[in-house]
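Okay, so here's the structure we're looking at.
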Amino acid sequence: MNAPRLVVDDISVLRVNTPRPVLNQISLAFASHELVSICGHNGAGKTTLARTLLGLCPVAKGEITLNGHPLHNAPRGQIQMVFQPPSAQLIGQTIFEELAVTALQRNPSLTRTQLEPFVQDCALRVGLRAPIHADVHALSGGELQRLCLAQALASQASVLVLDEALSSLDPATRTSLRRELRDLTVSHGMTILMITHDMEDVLVADRVVVLDLGEVRLDASPRDFFYDEAGQASPCSVLGFHPPYLVEAAITANQKWGAALKPLTEEQYVEELSHVPVP
Ligand SMILES: Nc1ncnc2c1ncn2[C@@H]1O[C@H](COP(=O)(O)OP(=O)(O)OP(=O)(O)O)[C@@H](O)[C@H]1O
């Protein structure tokens, strides 16, 4: 891992009317270029963690640092969140207005002539192809999610937190947005934390963190989350998650042919399968 950008050091968070901490002694570190899936069953504390990273929930104990500085001293806007539904965070009337407001908050000296190409570039980088003067209320769910990603680009945030942001989209749009997220980590060095119940999201991540009753239950690579050492079972099932079809298919092949395939993509599956001796 690169040097950690965002460090959560032994934090606990209390909420009113909850008998025990909602987050209990959580320690995590996230680097630049990292795409991390945060999983956990309902009530595990995922959204509370996201809100705490945004400074919206007070920390009872421990500290969060961004680039080595306490979070409350970090420059504003460094951590952006994509809310669900995304329309909850929109203030502009058009794509241009929405992105221009964000860009100007970050860099007030941008002129109108500079703004237009800047906004266009942010939109295109995340595959938002609607005209930039289109009304935001006329955008589809997938386009709105892309607009939120474009907003994160315009804000020049270094950390992006998505709270089940892809859950309401159709499978093709989800696949395409996962690719855009990966591209943002590569091209902009962004740290992306993706809160999700969808195991397909975990397949594309660098790491998966599982929260359970406010504590970190697991912090592992997707391969170790989905496959045991021999590739004969999926450890994620023990934690109550259902592995994606690709993983089930690989484990079935392993059990049938005594192989140890551990693919995370269809391409890897075909490639690994091609090396299994035909019985
Ligand atoms: N504002 C609040 N006041 C009191 N308790 C809260 C508040 N927000 C969350 N909680 C409690 O904190 C715990 C964790 O909630 P949180 O929303 O972080 O879980 P989650 O993992 O995001 O769940 P889900 O998958 O259902 O969204 C729950 O027991 C919840 O009832």
Problem - Whether Gln151 side chain and Leu99 backbone form a donor-acceptor pair below 3.5 Å - result: no
Practice task
Report the distance from atom CG of Asp163 to atom CE of Met194, rounding to the nearest 0.5 Å.
Solution key: 12.0 Å
Exercise for the section: Among Leu149, Thr196, Ile38, Leu193, find the one that has a side chain to side chain contact (heavy atoms under 4.5 Å, CB included) with Leu162. Expected result: Leu149
Handout entry: side chain to side chain donor-acceptor pair (under 3.5 Å) assessment of Arg106 paired with Ser155
Key = CA-CA 6 Å; Arg106 186 79 183 158; Ser155 73; over 6 Å; no
Handout entry: Whether Tyr227 side chain and Pro263 backbone form a donor-acceptor pair below 3.5 Å
Key = yes
Problem - Side-chain donor or acceptor of Thr191 paired with backbone N/O of Val159 under 3.5 Å - result: no
Problem - Spacing of NE2 belonging to His197 relative to CG belonging to Leu166, to within rounding of 0.5 Å - result: 13.0 Å
Problem - Option from Leu181, Asp183, Leu153 for which side chain to side chain contact (heavy atoms under 4.5 Å, CB included) with Met190 holds - result: Leu153
Handout entry: Heavy-atom side-chain contact between Ile95 and Leu128 under 4.5 Å
Key = yes
Problem - NZ/NE/NH1/NH2 to OD/OE distance under 4.0 Å, Glu272 and Lys262 - result: no
Exercise for the section: Taking side-chain contact (heavy atoms from CB on, under 4.5 Å) as the test, write out the residues that go with His41, two or more places apart. Expected result: Phe241
Exercise for the section: Write out all pairs satisfying salt bridge (Lys or Arg N to Asp or Glu O under 4.0 Å) with one or both partners inside residues 134-152, taking only residues at least two apart or from two chains. Expected result: Arg146-Glu180
Problem - Expected output: side-chain Glu34 to main-chain Ala31 donor-acceptor under 3.5 Å - result: yes
Handout entry: For Asp9, salt bridge (charged side-chain N to carboxylate O under 4.0 Å, His left out) partners two or more places apart
Key = none
Exercise for the section: Could you tell me whether Lys61 and Asp10 make a salt bridge, using a distance below 4.0 angstrom between a side-chain N and a carboxylate O? Expected result: yes
Practice task
Kindly indicate whether the side chain of Leu139, heavy atoms from C-beta on, has any atom under 4.5 Å from the side chain of Leu147.
Solution key: yes
Problem - Check: Arg217 main-chain N/O paired with Asp212 side-chain donor or acceptor under 3.5 Å - result: no
Problem - Listed partners of Ser37 passing side chain to side chain donor-acceptor pair (under 3.5 Å), at least two apart - result: none
Problem - Arg5 side chain to Ser158 backbone, donor-acceptor under 3.5 Å - result: yes
Handout entry: Arg178: partners by salt bridge (charged side-chain N to carboxylate O under 4.0 Å, His left out), with sequence neighbours left out
Key = Asp198, Asp201
Fill in the blank from the handout: Output for pair (Ile192 CD1, His33 NE2), nearest 0.5 Å, gives 11.0 Å
Problem - Qualifying salt bridge (Lys or Arg N to Asp or Glu O under 4.0 Å) pairs with a residue from residues 228-249, counting only residues at least two apart or across chains - result: none
Fill in the blank from the handout: All heavy atoms of Leu264 vs all of Leu246, minimum pair found to be C-CD2, 3.4 Å
Completion exercise
Between Asn24 and Glu215 the two heavy atoms that sit nearest each other are ND2-OE2, 2.7 Å
Exercise for the section: Please answer whether the main-chain N or O of Ala172 pairs with a side-chain N or O of Ser176 as donor and acceptor at a distance below 3.5 Å. Expected result: no
Handout entry: Approximate separation, where rounding is to 0.5 Å, of Ser234 OG and Phe226 CZ
Key = 6.5 Å
Exercise for the section: Measure the shortest side-chain to side-chain distance between Ile11 and Gln25 over non-hydrogen atoms and say whether it is less than 4.5 angstrom. Expected result: no
Exercise for the section: Take Arg15 and Thr18 through the side chain to side chain donor-acceptor pair (under 3.5 Å) test and state the conclusion after the steps. Expected result: CA-CA 6 Å; Arg15 302 307 294 256; Thr18 51; over 6 Å; no
Exercise for the section: Answer whether the closest heavy-atom distance between the side chains of Arg174 and Arg179 falls below 4.5 Å. Expected result: no
